[in-house]
Protein chains: 2
Amino acid sequence: MATLNDVAKRTNVSKMTVSRAINHPDQVRPELRDAILQVMTELNYHPNAAARALVGRRTRVIKLTIFEDMDITEPYYMMLLAGIANELNQHQYALQIATRNSYEVGECDGYILTGIRDSDAGWVARLDQPVVFFGRNRQGYDYVDTDNFQAIQTSTAYAAQAGYTYLVFVGIAVAEPFELDREQGFQEYVTSHQISAQIIRLTNHSHSATAYIKKHWAEFPPNTAFICASDRLAIGVETAIIDQGGQVPSDYGVIGFDGVFLNQIAAKRLTTMKQPLEEMGRAAARLLLTKIAHPEMSQASHNQEKIIINSRLSVAESTR
Amino acid sequence: MATLNDVAKRTNVSKMTVSRAINHPDQVRPELRDAILQVMTELNYHPNAAARALVGRRTRVIKLTIFEDMDITEPYYMMLLAGIANELNQHQYALQIATRNSYEVGECDGYILTGIRDSDAGWVARLDQPVVFFGRNRQGYDYVDTDNFQAIQTSTAYAAQAGYTYLVFVGIAVAEPFELDREQGFQEYVTSHQISAQIIRLTNHSHSATAYIKKHWAEFPPNTAFICASDRLAIGVETAIIDQGGQVPSDYGVIGFDGVFLNQIAAKRLTTMKQPLEEMGRAAARLLLTKIAHPEMSQASHNQEKIIINSRLSVAESTR
DNA sequence: CAATTTTATGCAATCGCTTGCAATGGCTAT
DNA sequence: ATAGCCATTGCAAGCGATTGCATAAAATTG
């Protein structure tokens, strides 16, 4: 592996000049700089990341920490990951994946955190680098999220206007901000519009939705719409309806949330609130890189940065 | 941040002794070593990865390279990733995600490659570190894979024994080893058992399967079983059958491949060839770490290491 | 044209850690 | 008792890059 010195000797300059040719190109005479760059490619020179990290105290590595008790195999995370990776790569940063028990392995310049529970607050507070959350948090950290409250209101309104007269919110049984916002958005809408409705809370698996809906089938008369907190739940609901002989979308409507590719493989392609996950991932990465580049900014003002990217209702075959 | 020196001063030894207490514990007097470890936790000391990497020429980072033209949001990759991450973390290695255009960002001790096409051979050959493939390859690199040939023969045999008399292989239109093995496994089975059959090749999307099956519905009499090369395709096939009024599983059988959670959300839970992706990911990680630890091994013998982990047929509601 | 600023380049120190060799002391072996 | 051998520990060098300061050359100025 070629080093700075190798390039320097071959060019008859000190390694300093070579270093500058890379990091401060304007401080080096143009023709000399070109000659140096030439030699660098000839020698297939690549700066040693470890040496740079050592002297510069920056690793050019960002860690995405997905906490273990979340299901890492959700397509949701994969899309997020794709967005983050793309944005970081553009800025010559590498992406590292970590879980709670591996967070100590290797150093980094900043963290993107997702799936964090309130009980992890202490752990987060101990992190020594800038942090951006994916999803709202109660501890005042910067975050990127979608407007869950507004999103559910939009889909609820859509269901109501489509003429469904009984609305069911199928939520996820966790007391996290994203879920509370969604429940509240639903609740306020049906209350203020005097619509008959109910709220169900389940674990986030399609089969639990299928089982529940089948068991309580009598409660759901024709003209019911199910507003679900995830595409997984929505698909489970749809399966139950079809199994019970219900007609989708004429008698029963189903709306999902997330907009991962799951919505495409439902028996009736799913109407869903589509989170722009790729874009949200990019936004999170950009915000974090900004914080790293301007540490004074986050210190001084100390006000929470919130980036809200709106979801969009994608209408398909599961609603009329 | 505490350094080796800080710990050394506090313990009244040279930093060398501290270093040894970490890396060669047996070379340090036990009581002294305990005292040092004590101080290390007191000071919340963590060895600086950059410094170690610089002097030791090992980064403790493994790169997982998923090539871009593959759909990174496949749950398939996410499960693989989970397996790799878990295994690496146990060995104090960090996992970095890279794509073709970001492979130069940051250094690493080894690569796990997946989704590589033959045309990328040149790129792979230029890598300066040990490589393990996920999936068979024609270039002689070590790899971890499932036995695709055998797997398809198993599911084909299962379909035949279940009494389906017309068998359709729904494959993916790429000339990659995994696909060719599956087609061949199918072909040989139906030929040697004199079963009427056909092979279809599609892009790996459920909707393309749905469209194709619907369009050619007349070709598929009752008692047909579809052996698919992915769960995505299988779900698309199932949707088409139901749309056409076909009965699953009594008249039509559907078998998937992969065993990602998709199989759970099909209208009829999918019978599928379940790849133990988590375990395969772990195996790939272990193999790579072994190669890193024993460079002489891979050099000297120079024979290709193949780890084959068998898939298992998981029978559910889409076959009788 | 001498004085001063600007532009280009080099020197030396340093980041935190590990490797090779030397030094110390206690203990065994003749 | 003297040589020899472990077991422990320290010293110095160096991994490959960057930062601050110094220096030389070139350009600007009154």
Side-chain angles (χ1 to χ4, degrees), chain A residues 1-37 39-40 43-61 92 94 104-109 128-129 292-293, chain B residues 1-37 39-40 43-61 92 94 104-109 128-129 292-293:
Chain A
M1 270 273 96
T3 77
L4 257 196
N5 251 322
D6 299 334
V7 179
K9 275 179 200 155
R10 197 92 133 62
T11 331
N12 291 318
V13 293
S14 83
K15 61 181 178 184
M16 272 319 308
T17 309
V18 181
S19 173
R20 283 199 189 91
I22 301 171
N23 302 305
H24 309 282
D26 52 312
Q27 294 179 22
V28 163
R29 190 159 36 90
E31 65 235 52
L32 179 57
R33 165 161 41 89
D34 292 346
I36 293 176
L37 294 177
V39 172
M40 284 191 345
L43 264 50
N44 188 30
Y45 167 79
H46 289 283
N48 180 309
R52 284 182 142 180
L54 181 56
V55 62
R57 292 127 200 281
R58 44 148 203 46
T59 60
R60 294 200 87 82
V61 169
Q92 303 275 92
E104 287 187 359
V105 181
E107 270 131 37
C108 68
D109 291 349
D128 51 333
Q129 300 286 0
I292 291 170
Chain B
M1 271 273 96
T3 76
L4 257 195
N5 251 324
D6 300 333
V7 179
K9 275 180 200 153
R10 196 93 132 63
T11 332
N12 292 318
V13 295
S14 83
K15 61 181 176 185
M16 270 321 307
T17 309
V18 180
S19 172
R20 276 197 273 263
I22 302 171
N23 302 306
H24 309 283
D26 51 313
Q27 294 179 24
V28 164
R29 191 158 37 91
E31 64 234 53
L32 179 56
R33 165 160 42 87
D34 292 346
I36 292 175
L37 294 177
V39 172
M40 284 190 349
L43 264 48
N44 189 30
Y45 167 79
H46 289 283
N48 179 308
R52 282 183 143 180
L54 181 56
V55 61
R57 292 128 200 279
R58 43 145 203 48
T59 60
R60 295 200 86 83
V61 169
Q92 303 275 92
E104 285 188 359
V105 181
E107 271 132 34
C108 67
D109 291 351
D128 52 332
Q129 299 287 0
I292 292 171

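Not measured: the values here are computed from a predicted model. Every chain is numbered from 1, with letters handed out A, B, ... down the list of sequences.
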In whole angstroms, how far is the [atom2] atom of [N] from the [atom1] atom of [X]?
X        : N       : atom1 : atom2 : value
Ile22(B) : dT9(D)  : CD1   : C1'   : 16 Å
Asn23(A) : dA17(D) : CG    : P     : 10 Å
Lys15(A) : dT18(D) : NZ    : P     : 10 Å
Arg60(B) : dC17(C) : CZ    : C1'   : 15 Å
Gln27(B) : dG20(C) : CD    : P     : 12 Å
Asn12(A) : dT9(C)  : CG    : P     : 13 Å
His46(A) : dC15(D) : NE2   : C1'   : 19 Å
Leu4(A)  : dG14(D) : CG    : C1'   : 15 Å

State whether [X] places a side-chain N or O below 4.0 Å from either non-bridging phosphate oxygen (OP1 or OP2) of [N].
X        : N       : value
Arg52(B) : dT18(C) : yes
Thr17(A) : dA8(C)  : no
Asn5(B)  : dG16(C) : no
Ser19(B) : dT18(C) : yes

Nearest-nucleotide wise, let me know which of Arg57(B) and Val28(B) is further upstream toward the 5' end of DNA chain D.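 Result: Val28(B).
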Report the residue (Pro47(A) or Pro30(B)) whose heavy-atom-nearest nucleotide on DNA chain D is the more 5′ of the two.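 Mapping each residue to its closest nucleotide by heavy atoms, the 5'-most match is Pro30(B).
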Can you figure out which of [options] approaches the side chain of [X] most closely?
X        : options                   : result
Thr3(A)  : dC17(C), dA17(D), dG10(D) : dA17(D)
Ala51(B) : dT9(C), dG16(C), dA17(D)  : dG16(C)
Met16(A) : dG16(C), dG16(D), dT18(D) : dT18(D)
Arg29(B) : dC15(C), dC17(C), dT9(D)  : dT9(D)
Ser14(A) : dG10(C), dT9(D), dT18(C)  : dG10(C)

Can you work out whether Leu54(B) or His24(B) has the more 5'-proximal nearest nucleotide on DNA chain C?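 Per heavy-atom nearest nucleotide, the more 5' residue is Leu54(B).
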Working to the nearest 0.5 angstrom, can you tell me the gap between [X] [atom1] and [Y] [atom2]?
X        : Y         : atom1 : atom2 : value
Arg57(A) : Asp109(A) : CZ    : CG    : 12.5 Å
Lys9(B)  : Thr11(B)  : NZ    : OG1   : 11.5 Å
Ser19(B) : Gln27(B)  : OG    : CD    : 10.0 Å
Ile36(A) : Leu4(A)   : CD1   : CG    : 10.0 Å

Let's test your reading of the model: under 3.5 Å, does the base of dG10(C) pair with the side chain of Arg20(A) as donor and acceptor?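 Counting by modelled atom types and ignoring angles, a donor-acceptor contact under 3.5 Å is found here.
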Begin from the C-alpha positions of Glu107(B) and Asn48(A) and carry the test side chain to side chain contact (heavy atoms under 4.5 Å, CB included) through to its verdict. CA-CA 8 Å; Glu107(B) 271 132 34; Asn48(A) 180 309; 3.9 Å; yes
Evaluate side chain to side chain contact (heavy atoms under 4.5 Å, CB included) for Arg58(B) paired with Ile292(B), printing each intermediate quantity in order. CA-CA 10 Å; Arg58(B) 43 145 203 48; Ile292(B) 292 171; over 6 Å; no
